[in-house]
Peer 1: 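Quick one: structure below, then a few questions.
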Amino acid sequence: MQTLAFSVAVVCLLVGTVSGGQVFNRSCPTNIDVKQYFEVESYLGKWYEMQRYDSVFEENFDCVQVRYTLNEDASVQVSNSAYNLFNGSSINALGRAVLSFPDEEIVQGKLNVSFFGAPNDLSNYWVLDTDYETFAVVWNCQPLGEQQSEESFWVLSRTPTLPADTNVLFRIHYIMRRYIDRSLLRFTSQMDDRCPVF
């Protein structure tokens, strides 16, 4: 039952229908720089979550992995998986992603992601930076009225640990210093022996 409830909560969160990220008493920032000349094909494949803004819906879930594969219609299939180290439950949520603004001259790392057939019309997955081969930093903000907003934030890696590359670490921390409240970040366990291979 916990697995089903979590899956439903994740779906609702990602389509923007319930609160699930970190709530701030301010409107969504407008000065966020995203990845320019974004290459969907290079972003495909498996990613491991390293850090995130936590939420009640993701409480106690670790071993979070996501896999992106190309669909025949050029959209992207999204497969999110996670494992609860406390009770052994796991979840898998399937979704679909498309570029938010595919016709722009310079393609930006902004995507619409939805799950289980929900409407796919919300730009809710912004890739702020990635080198496609080792790391990605992803952010989302949705307004909650005029004076509040809800943000999500993820640091992803191609491997279960971030590379010890000083350039990669600099790029990640540069974004964190500019946009993120680092006191709200939660580290995701990936190296526990109980983490399944999704």
Side-chain angles (χ1 to χ4, degrees), residues 10-11 13-17 20-22 24 26-53 55 64-80 93-115 117-144 148-158 162-163 165 167-182 184-185:
V10 168
V11 172
L13 165 65
L14 289 173
V15 298
T17 57
Q22 291 293 329
F24 293 90
R26 55 173 167 73
S27 58
C28 286
T30 58
N31 62 337
I32 305 296
D33 295 324
V34 301
K35 179 74 173 176
Q36 304 293 298
Y37 300 98
F38 183 70
E39 301 169 8
V40 172
E41 293 81 4
S42 299
Y43 198 72
L44 300 175
K46 186 176 184 177
W47 292 94
Y48 295 83
E49 180 187 274
M50 297 286 101
Q51 295 181 62
R52 68 175 184 247
Y53 272 166
S55 70
V64 180
Q65 300 174 25
V66 61
R67 187 180 299 274
Y68 301 103
T69 54
L70 200 62
N71 292 319
E72 289 184 5
D73 65 356
S75 66
V76 174
Q77 182 185 65
V78 182
S79 177
N80 282 342
L94 294 177
R96 180 175 178 267
V98 295
L99 286 169
S100 300
F101 309 103
D103 297 327
E104 290 188 339
E105 185 176 341
I106 298 174
V107 176
Q108 300 182 61
K110 296 182 179 182
L111 296 99
N112 300 9
V113 180
S114 62
F115 286 80
N120 196 244
D121 56 3
L122 182 65
S123 183
N124 57 0
Y125 185 101
W126 290 13
V127 180
L128 304 189
D129 194 11
T130 184
D131 64 359
Y132 304 103
E133 297 178 357
T134 58
F135 83 100
V137 180
V138 182
W139 177 84
N140 171 42
C141 185
Q142 298 301 322
L144 299 175
Q148 283 192 321
S149 60
E150 177 184 277
E151 293 186 29
S152 300
F153 179 78
W154 302 271
V155 176
L156 306 177
S157 173
R158 288 292 191 185
L162 274 173
D165 183 301
N167 180 56
V168 168
L169 297 176
F170 174 82
R171 288 166 69 172
I172 293 170
H173 289 289
Y174 175 75
I175 290 172
M176 288 182 178
R177 285 194 303 271
R178 292 183 70 190
Y179 305 129
I180 302 304
D181 184 341
R182 287 180 279 183
L184 300 175
L185 288 176

Peer 1: Using a 4.5 Å cut-off on heavy atoms from C-beta on, say whether the side chain of Tyr53 contacts that of Leu185.
Peer 2: yes

Peer 1: State the CD-CZ distance between Glu151 and Phe24, to the nearest 0.5 angstrom.
Peer 2: 4.5 Å

Peer 1: Going by heavy atoms in the side chains, are Val155 and Phe135 under 4.5 Å from each other?
Peer 2: no

Peer 1: Start with the C-alpha distance between Arg178 and Asn31, add both sets of side-chain angles, then the distance that settles side chain to side chain contact (heavy atoms under 4.5 Å, CB included), and finish with yes or no.
Peer 2: CA-CA 10 Å; Arg178 292 183 70 190; Asn31 62 337; 5.6 Å; no

Peer 1: Return the minimal non-hydrogen interatomic distance between Val168 and Thr134, and the atom names on each side.
Peer 2: CG2-OG1, 3.6 Å

Peer 1: If you take all heavy atoms of Asn140 and Ser123, which pair is closest and at what distance?
Peer 2: OD1-O, 4.2 Å

Peer 1: Evaluate the side-chain proximity of Phe115 to Asn80: yes if any heavy-atom separation is below 4.5 Å, no if none is.
Peer 2: yes

Peer 1: Given the ring of Trp47, does Arg67 sit roughly above its face, with NZ or CZ under 6.0 Å from the centre of the six-membered ring and within 45° of the axis?
Peer 2: no

Peer 1: Which heavy-atom pair separates Ser152 from Gly21 by the least distance, and what is that distance?
Peer 2: OG-CA, 4.3 Å

Peer 1: Do Val66 and Val78 come close enough that some side-chain heavy atom pair is under 4.5 Å?
Peer 2: yes

Peer 1: Angle between ring planes, Tyr125 versus Tyr43, binned at 30° and 60°: parallel, tilted or perpendicular?
Peer 2: perpendicular

Peer 1: With rounding to the nearest 0.5 Å, note down the distance linking CH2 in Trp126 to CG in Asp33.
Peer 2: 10.0 Å

Peer 1: Any side-chain to backbone donor/acceptor pair from Lys110 onto Phe101? Under 3.5 Å, distance only.
Peer 2: no

Peer 1: How long is the straight-line distance from CG of Asn167 back to CG of Asp131, given to the nearest 0.5 Å?
Peer 2: 8.0 Å

Peer 1: Please say whether the positively charged group of Arg177, taken as NZ for Lys or CZ for Arg, lies over the ring of Tyr174, i.e. under 6.0 angstrom from the six-membered ring centre and within 45 degrees of the axis.
Peer 2: no

Peer 1: Using every non-hydrogen atom in the two residues, find where Leu156 and Leu162 come nearest and quote the distance to one decimal.
Peer 2: O-CD2, 4.3 Å

Peer 1: Given Phe38 and Ile106, is the side chain to side chain contact (heavy atoms under 4.5 Å, CB included) satisfied, shown in steps?
Peer 2: CA-CA 8 Å; Phe38 183 70; Ile106 298 174; over 6 Å; no

Peer 1: Just wondering, do Arg96 and Val98 contact through their side chains at under 4.5 Å, heavy atoms?
Peer 2: yes

Peer 1: Does any part of the side chain of Val127, heavy atoms only, come nearer than 4.5 Å to the side chain of Val137, both counted from C-beta?
Peer 2: no

Peer 1: With rounding to the nearest 0.5 Å, note down the distance linking CG in Leu128 to CE in Met176.
Peer 2: 11.0 Å

Peer 1: Between Val113 and Asn120, what is the shortest heavy-atom contact and its length?
Peer 2: C-ND2, 3.8 Å

Peer 1: The test is side chain to side chain contact (heavy atoms under 4.5 Å, CB included); show your working for Ser79 and Leu94 and say whether it passes.
Peer 2: CA-CA 5 Å; Ser79 177; Leu94 294 177; 3.7 Å; yes

Peer 1: Around atom CD of Gln77, are there more than 12 heavy atoms of other residues, nucleotides or ligands at under 6.0 Å?
Peer 2: yes

Peer 1: Which value, rounded to the nearest 0.5 Å, describes the distance between Gln22 atom CD and Glu150 atom CD?
Peer 2: 9.0 Å

Peer 1: Minimum heavy-atom separation for Cys28 and Pro143, please, with both atom names.
Peer 2: SG-N, 3.7 Å

Peer 1: Within the 4.5 Å heavy-atom criterion, are Gln65 and Lys46 side-chain neighbours or not?
Peer 2: yes

Peer 1: Phe153 vs Arg182, test: side chain to side chain contact (heavy atoms under 4.5 Å, CB included). Steps then yes/no.
Peer 2: CA-CA 10 Å; Phe153 179 78; Arg182 287 180 279 183; over 6 Å; no

Peer 1: Answer yes or no: is there a side-chain heavy-atom contact under 4.5 Å between Pro119 and Ser114?
Peer 2: no

Peer 1: Measuring from atom CG of Leu70 to atom CG of Leu44, what distance do you get when rounded to the nearest 0.5 angstrom?
Peer 2: 5.5 Å

